[in-house]
Amino acid sequence: MSESVEKEERKPRHFIQQMIHRDLDEGKYGSGIVTRFPPEPNGYLHIGHAKSICLNFGLAQEFGGICNLRFDDTNPLAEEDHYRIAIEKDVKWLGFDVEDRTYFSSDYFDQLYLWAIELIKLDKAFICELSFEEMAEYRGNPKEPGKFSPSRNRPIEESVDIFERMQAGEFKEGTYTLRAKIGMTSSNMHMRDPILYRIQNAAHYRTGDKWKIYPMYDFTHCLSDAIEGITHSLCTLEFEVHRPIYKWLIDQLPTPSTPYQREFAKLNINYTLLGKRVLKKLVDEQLVDGWDDPRMPTLSGMKRRGYTPTSIRNFCDRVGVAKRDNVIDLSLLEFSIREDLNKIADRRMAVLNPLKVVITNYDENGEELLDAVNNPEDETRGSRQIPFSNTLYIEKEDFMEDPPRKFFRLGPDREVRLRYAFFITCNEVIKDDSGEVVELRCTYDPLSKGGKSPDGRKVKGTMHWVSAKHCVDAEVRLYDRLCQVEDPASEKPEEGFGDVLNPDSLKVIKAAKLEPSLVEAKEEEPFQFERMGYFCADRDSSDDKLIFNRTVGLRDSWAKMGGKK
RNA sequence: UGCCCUGUGGUGUAAUUGGUAGCACGUCUGUUUUUGGUGCAGAAGGCUUCUAGGUUCGAGCCCUAGCGGGGCAACCA
């Protein structure tokens, strides 16, 4: 292979891909790599998790390995089964098939318990009876070393005995903990005799009341990885300080494999709140319509809003993987969804803010069907027919009585094209008592049917429209960013949202006028309402009430010029 | 101020040490167009790649220090 060809084939690789390449070259993993996505079932997945999912499943695909879905469910207080169900659904929706590889840390509790006892017997762990407050005091701080627990030299047999009795339910919460015996001087607080097990009398959503003690994250995660034969355990940067304890435990115990942990920077997006606690707060305080509110950055919310799995995966690709903190511009997300929807969404006409137009020279009782292309980007989508009559609706903002120079739309004595229909000229403007324009009287050119004039004359503007006689009403929900501040997380939203939330994040249009074919729209089926943006039917729709969500608007260079608003 | 991570155009991310530091988004031009969408063509952007030293024939890549950003002291994950 020539050098130039090699060069062309070389794609930019992030540091984790490079690391795996190295590992594979060294023959470390003959049977291929194994990764995992390890959510805690205590909330819904959001776009930040999508980055991790795409990374872990993507790596497995790329290197011919597998990726497990493992619920890291070691805290019965926070976890619930409906979260587990939602998470499984979201992962699948995103486009990753876990097949039979759904696992639970809680399924490893027996093995973990045995290993805990083994660790005690190795004199690498002990039962501590410091109270919560004492523990904090003994821990010291990052600058000063901590002090040994008075329980640290408890005889091994005694620790084993207490540990077993903890599980037997003999003690109250908070009375005892199992701690690793590492030392109290590390500058890494997580290495100062960290807690491995605590007593918790809560019932677990999967194991019920079988367990009175539950293993901590640090004890559980590495050992669960080892049980599953994970080769590359990838997590976000804040777990970097946990790496030594991860390695320490793997080193102490006779685990079936020796995985290692590597960290990458989590995703941040401006004007967007990511973080399960805060999102849960939005839900709990009913500031949004549940976890799947279309304004939420959750996968279920984005799905309801009309985002496609493809667009989210592409977004995650473009975002990259590195170790420095990053803030992705919301426009990259919008680009990714427009890119996909432009290719796949059928076009329809819908008037959001209707203005009545009467075609004075068109037969009052007449009507006809006109051909309209479904998707100019995809010929295989064919075409449909839309009804035309003498009374139409056009978009209010497509008419100006006193238009500025660059306004290409309708005005008095101007001629424009109605898309797929005819050229019309505005002859008369009718206003109500308050002076508001309420109706336009226009004439049409019968020869311009389909939108082309036989004499070759051009018009500058093309507008969407709908036949008043045939159209259907619908509610349309227009969304804007949920947060009005660029870096909402810095406003301490966990303490209160203050003015971080955008009061105009939802605008409801009660009676938009839609092309009749839209009554058939199915939930999440994407449409482009020509010139207005991408929309999909909301799950709140019923037989007698259509409701559409705007996924995202079209790029709008007219608005950018200041033409609108 | 203890330790760890990190610092490349507005944003994000590349670059086997050596030809004008690439790509994407965004921005701006022009062009096509029955969507002021898409497509196409192109441009701009205080680039001593945070700063200062050092190693080297040669450093964005290595070393040291400084500065900036982030993280760590939950019986959460």
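Convention: sequence-line order gives letters A, B, ...; per-chain numbering from 1.
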If we take the [atom1] atom in both [N] and [M], what is their distance in whole Å?
N: B:A14; M: B:C3; atom1: P; result: 29 Å
N: B:C57; M: B:U11; atom1: P; result: 37 Å
N: B:C62; M: B:A41; atom1: P; result: 37 Å
N: B:G54; M: B:A59; atom1: P; result: 12 Å
N: B:G19; M: B:G12; atom1: C1'; result: 27 Å
N: B:U1; M: B:A73; atom1: C1'; result: 15 Å
N: B:C4; M: B:G60; atom1: C1'; result: 23 Å
N: B:U56; M: B:U51; atom1: P; result: 23 Å

Quiz prompt | Gap separating the CZ atom of A:R192 from the OG atom of A:S187, nearest 0.5 angstrom | solution = 8.0 Å

Aromatic ring proximity [X]/[Y], centre distance under 6.0 Å:
X: A:Y217; Y: A:F239; value: yes
X: A:Y260; Y: A:Y246; value: no
X: A:F529; Y: A:F535; value: yes
X: A:W558; Y: A:F408; value: no
X: A:F264; Y: A:H14; value: no

So what does [X] hit on the nucleic acid, given a heavy-atom distance under 4.0 Å: a base, only sugar-phosphate, or nothing?
X: A:L130; answer: base
X: A:Y138; answer: nothing
X: A:V327; answer: sugar-phosphate
X: A:T177; answer: base
X: A:M216; answer: sugar-phosphate
X: A:S105; answer: nothing
X: A:V321; answer: sugar-phosphate
X: A:P38; answer: nothing
X: A:I328; answer: sugar-phosphate
X: A:Y176; answer: nothing
X: A:Q528; answer: base
X: A:E530; answer: base
X: A:K460; answer: nothing
X: A:R417; answer: base

Could you list all N or O pairs between the protein and nucleotides 27-31 of chain B that sit under 3.5 Å apart?
residue : atom : partner : partner atom : Å
B:U27   : OP1  : A:K560  : NZ           : 3.0

base_contact_polar ([N] base, [X] side chain, donor-acceptor, <3.5 Å):
X: A:E334; N: B:G26; value: no
X: A:R409; N: B:G36; value: yes
X: A:H242; N: B:A77; value: yes
X: A:R347; N: B:U35; value: yes

Nearest whole angstrom, please: distance from the [atom2] of [N] to the [atom1] of [X].
X: A:E486; N: B:G12; atom1: CD; atom2: P; result: 10 Å
X: A:Y214; N: B:C76; atom1: OH; atom2: C1'; result: 15 Å
X: A:R324; N: B:G69; atom1: CZ; atom2: C1'; result: 12 Å
X: A:D193; N: B:C75; atom1: CG; atom2: C1'; result: 14 Å
X: A:L237; N: B:G7; atom1: CG; atom2: C1'; result: 13 Å
X: A:Y83; N: B:A77; atom1: OH; atom2: C1'; result: 15 Å
X: A:R338; N: B:G26; atom1: CZ; atom2: C1'; result: 11 Å
X: A:K343; N: B:U35; atom1: NZ; atom2: P; result: 20 Å

Would you say the side-chain atoms of [X] and [Y] include a donor-acceptor pair closer than 3.5 Å?
X: A:Q167; Y: A:Y197; value: no
X: A:D73; Y: A:S106; value: yes
X: A:H464; Y: A:R347; value: no

Self-check item: More than 12 heavy atoms of other groups within 6.0 Å of A:K212 NZ
Solution: yes

Quiz prompt | Enclosure of A:K281 NZ (heavy-atom neighbours >12, cutoff 6.0 Å) | solution = yes

So, is [X] near the phosphate of [N], with a side-chain N or O under 4.0 Å from OP1 or OP2?
X: A:R405; N: B:G36; answer: no
X: A:S557; N: B:G37; answer: yes
X: A:R419; N: B:U35; answer: yes
X: A:R531; N: B:G36; answer: yes

Quiz item: According to the 5.5 Å centroid and 30° plane-angle thresholds, does A:F408 stack upon the nucleobase of B:G36?
Solution: yes

Quiz item: Does the side-chain ring of A:W558 lie flat on the base of B:G36, meaning centres under 5.5 Å and planes less than 30 degrees apart?
Solution: yes

In terms of side-chain heavy atoms of [X], which of [options] is nearest?
X: A:D72; options: B:A77, B:A14, B:G36; answer: B:A77
X: A:P376; options: B:C76, B:C25, B:G37; answer: B:G37
X: A:A322; options: B:A14, B:U38, B:G26; answer: B:A14
X: A:Q18; options: B:G7, B:A15, B:C25; answer: B:A15

Quiz prompt | Residue mapping more 5' on RNA chain B - nearest nucleotide basis, A:N375 or A:E238 | solution = A:N375

Exercise. With RNA chain B as reference, determine whether A:R198 or A:K458 sits nearer its 5' end, using the nearest nucleotide of each.
Key: A:K458

Using the 3.5 Å cut-off, write out each protein N or O paired with an N or O of nucleotides 1-4 of chain B and the distance between them.
residue : atom : partner : partner atom : Å
B:G2    : N2   : A:S187  : O            : 3.4
B:C3    : O2'  : A:S187  : OG           : 3.2

Quiz item: What are the two closest heavy atoms between A:G43 and A:K276, and how far apart are they?
Solution: CA-CD, 3.9 Å

Practice problem: For A:T177 and A:R179, work out which heavy atoms get closest and say how close. | Solution: OG1-CG, 3.7 Å

Practice problem: Could you label the plane-to-plane angle of the A:Y214 and A:H204 rings as parallel, tilted or perpendicular, counting under 30° as parallel and over 60° as perpendicular? | Solution: parallel

